[in-house]
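What follows is a short report on a single structure.
None of the values given here were measured: they were computed from a predicted structure. Numbers restart at 1 for each chain; the letters A, B, ... are given by sequence-line order, proteins then strands.
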Amino acid sequence: MPELPEVEVTRLSFADRISDARILQVRLGQPLRWPLGCAPSDLSARVIQGVRRRGKYLLLDLDRGLLLLHLGMSGSLRFSDAVPLPGTHDHFDLVTDKGTLRLNDPRRFGAVVYASDSSDPMARKLLDHLGVEPLGGGFELSHFAAALRSRRTSIKQVLLAGDVVVGVGNIYACEALFHAGIRPTAQAARLSLTRVRRLHLAIQTVLQQALASGGSSLRNFSNAHGQTGHFQTKTMVYGRAGQPCHVCTRPIRLLRQGQRSSFFCVGCQT
DNA sequence: AAAAGCCCCTGGATGC
DNA sequence: TGCATCCAGGGGCTTT
């Protein structure tokens with residue numbers, strides 16, 4: 001569910017309000033992808049200094065240690081003063097003196113993990129292999145092109161793998177490839193520099209547009225105030241199998257790549 | 001090192 | 001209405 005825009009929209013919706021908050025209590029629901037990594041009571045009295053994002057992870061910096069949050073496929077966060085009794089899928093509550101951050105995640109692919117610092121083995125396992133951030137300055141065309149040259153697999157799968165560039169999930173990979181005029185099946189290593197340049201730009205453009213739209217809310221995504229995004233109504237190919245291409249009117253095609261759906265236009269993407 | 005497949009889990013949509 | 005099947009925005013792990 002949540003790709004970079006959704007995670008960033010979530011971060012922006014509560015980062016200021018939770019900053020400098022003191023943790024009062026931590027409540028756990030059903031197990032998530034990994035154990036918390038410390039006793040919930042260990043976190044009491046720690047102060048949240050800020051919220052960063054790395055790829056699709058949110059990093060809550062504490063005065064000692066940090067919390068890594070991942071929303072998986074179906075997770076969303078809420079931050080509020082009044083907190084009702086936890087529902088079936090509320091699996092983590094971070095109660096602070098400024099409000100409660102609650103993770104709701106029906107499929108429980110999400111995670112909340114404590115790390116003592118950035119060299120903590122768990123933090124390294126989850127973060128060290130991540131590729132470059134597509135927004136924010138470090139995403140250089142020359143590096144992107146060089147990284148693609150060593151990949152014999154399809155460009156779509158390279159984008160989803162996240163070790164070249166982070167944050168691009170299924171929706172935005174499909175959309176970026178459409179904007180760049182590249183078929184998802186094209187071999188990454190064989191893309192011309194012209195096409196790589198178009199893709200490099202398209203990734204940034206699509207992600208920024210999604211960010212400006214509040215992300216995509218396909219099922220249940222909403223930001224920490226419960227507001228939904230509306231980028232899903234603007235997609236050119238994602239979720240539009242059989243419908244006419246907005247550019248050339250040919251029907252959008254659907255294929256499977258690595259157990260995931262790829263949507264593309266045979267007329268606009270070569 | 002890179003690539004491909006397999007899982008983890010629940011819920012909604014679809015079809016019989 | 002009931003049941004089976006398929007599908008879903010991720011990504012670490014194992015095997016090749």
Quiz item: Hey, are A:Arg46 and A:Asp63 close enough for a salt bridge, meaning a charged N less than 4.0 Å from a carboxylate O?
Solution: no

Quiz prompt | Centroid-centroid distance, A:Phe79 to A:His225, less than 6.0 Å | solution = no

Exercise. Starting at atom CG of A:Leu207, determine the distance to atom P of C:dG9, rounded to an integer number of angstrom.
Key: 16 Å

Exercise. Specify whether A:Tyr57 and A:His70 have parallel, tilted or perpendicular ring planes, treating 30° as the upper limit for parallel and 60° as the lower limit for perpendicular.
Key: perpendicular

Quiz item: What is the distance from CZ of A:Arg260 to C1' of C:dG11, rounded to the nearest Å?
Solution: 8 Å

Quiz item: Would you say the side chain of A:Leu160 lies within less than 4.5 Å of the side chain of A:Lys156, judging by non-hydrogen atoms?
Solution: yes

Exercise. Classify the nucleic acid contact of A:His129 as base, sugar-phosphate or nothing, counting any heavy atom under 4.0 Å across all strands shown.
Key: sugar-phosphate

Quiz item: What do you reckon, is CZ of A:Arg108 surrounded by more than 12 foreign heavy atoms closer than 6.0 Å?
Solution: yes

Quiz item: Would you say a side-chain N or O of A:Tyr238 is under 4.0 Å from OP1 or OP2 of C:dA8?
Solution: no

Quiz prompt | Pair listing, salt bridge (Lys or Arg N to Asp or Glu O under 4.0 Å) test, anchored in residues 112-131 of chain A, at least two apart | solution = A:Arg124-A:Asp128

Practice problem: Kindly write out the residues that satisfy side chain to side chain contact (heavy atoms under 4.5 Å, CB included) with A:Arg190, not counting sequence neighbours, or none if the list is empty. | Solution: A:Gln187

Practice problem: For A:Ser154 and A:Ala186, indicate whether the former's side chain and the latter's backbone hold a donor-acceptor pair under 3.5 Å. | Solution: no

Self-check item: Under the ring pair (Phe, Tyr, Trp, His ring centres under 6.0 Å) test, residues paired with A:Phe263 that sit two or more places apart
Solution: A:Tyr238

Exercise. Output all residues satisfying ring pair (Phe, Tyr, Trp, His ring centres under 6.0 Å) with A:Phe14, sequence neighbours left out; order by chain, then residue number.
Key: none

Exercise. May I ask you to test the A:Asp105-A:His89 pair for a side-chain heavy-atom distance under 4.5 Å?
Key: no

What are the atom names and distances for every N/O pair under 3.5 Å that joins the protein to nucleotides 13-16 of chain C?
unit_1: C:dC13; atom_1: OP1; unit_2: A:Lys125; atom_2: NZ; d: 3.0

Self-check item: Spacing of A:Asp163 atom CG relative to C:dG10 atom P, expressed in whole Å
Solution: 15 Å

Quiz item: Is there a donor and acceptor pair closer than 3.5 Å between the side chain of A:Arg107 and the base of C:dG9?
Solution: no

Quiz item: Reading DNA chain C 5' to 3', how would its secondary structure be written in dot-bracket notation, given Watson-Crick and G-U pairs with both distances under 3.5 Å, brackets [ ] for crossing pairs and | for partners on other strands?
Solution: .|||||||.|||||||

Quiz item: When rounded to the nearest Å, what value does the distance between C1' atoms of B:dA3 and C:dG9 take?
Solution: 23 Å

Exercise. Send over the distance from A:Met73 CE to B:dC7 P, rounded to a whole Å.
Key: 16 Å

Quiz item: Rounded to the nearest Å, what distance is computed from the CZ atom of residue A:Arg108 to the P atom of nucleotide C:dG12?
Solution: 19 Å

Exercise. For A:Asp128 and C:dG12, give me the distance from atom CG to atom C1', rounded to whole Å.
Key: 14 Å

Practice problem: Please list, by residue number, the residues of residues 177-186 of chain A whose heavy atoms come closer than 4.0 Å to an atom of DNA chain C; answer none if no residue qualifies. | Solution: none

Quiz item: According to the 5.5 Å centroid and 30° plane-angle thresholds, does A:Phe109 stack upon the nucleobase of B:dC8?
Solution: yes

Quiz item: Any side-chain N or O of A:Arg256 less than 4.0 Å from the OP1 or OP2 oxygen of C:dA8?
Solution: yes

Quiz prompt | Atom-to-atom span, CD of A:Glu6 to P of C:dG11 - whole angstrom | solution = 12 Å

Self-check item: For A:Arg149, salt bridge (charged side-chain N to carboxylate O under 4.0 Å, His left out) partners two or more places apart
Solution: none

Quiz prompt | Pairwise side-chain contact, A:Val132 with A:Val164, heavy-atom cut-off 4.5 Å (strictly under) | solution = no

Quiz item: How would you label the contact of A:Phe231 with the nucleic acid (heavy atoms, under 4.0 Å): base, sugar-phosphate, or nothing?
Solution: nothing

Quiz item: Are the side chains of A:Cys245 and A:Cys268 in touch, meaning some heavy atoms are under 4.5 Å apart?
Solution: yes

Self-check item: With A:Arg53 via salt bridge (charged side-chain N to carboxylate O under 4.0 Å, His left out) - residues at least two apart
Solution: A:Glu8, A:Glu133

Quiz prompt | Sugar-phosphate, base or nothing in reach of A:Tyr172, heavy atoms under 4.0 Å | solution = nothing

Quiz prompt | ring pair (Phe, Tyr, Trp, His ring centres under 6.0 Å) involving A:Phe264 - partner list, sequence neighbours excluded | solution = none

Practice problem: May I have the distance from A:Arg124 (atom CZ) to C:dG12 (atom C1'), rounded to whole angstrom? | Solution: 17 Å

Quiz item: Using atom P of each nucleotide, how far apart are B:dG5 and C:dC7 to the nearest Å?
Solution: 16 Å

Quiz item: Does A:Leu141 reach the side chain of A:Val196, with side-chain heavy atoms less than 4.5 Å apart?
Solution: yes

Below 3.5 Å is the cut-off: list the nitrogen or oxygen pairs between protein and nucleotides 11-15 of chain B, distance only.
unit_1: B:dG11; atom_1: OP1; unit_2: A:His89; atom_2: NE2; d: 2.6

What does the list of N/O pairs under 3.5 Å between the protein and nucleotides 3-5 of chain B look like, with a distance for each?
unit_1: B:dA3; atom_1: OP1; unit_2: A:Arg152; atom_2: N; d: 2.4
unit_1: B:dA3; atom_1: OP1; unit_2: A:Thr153; atom_2: N; d: 3.1
unit_1: B:dA3; atom_1: OP2; unit_2: A:Arg151; atom_2: NH1; d: 3.1
unit_1: B:dA4; atom_1: OP2; unit_2: A:Thr153; atom_2: OG1; d: 2.9

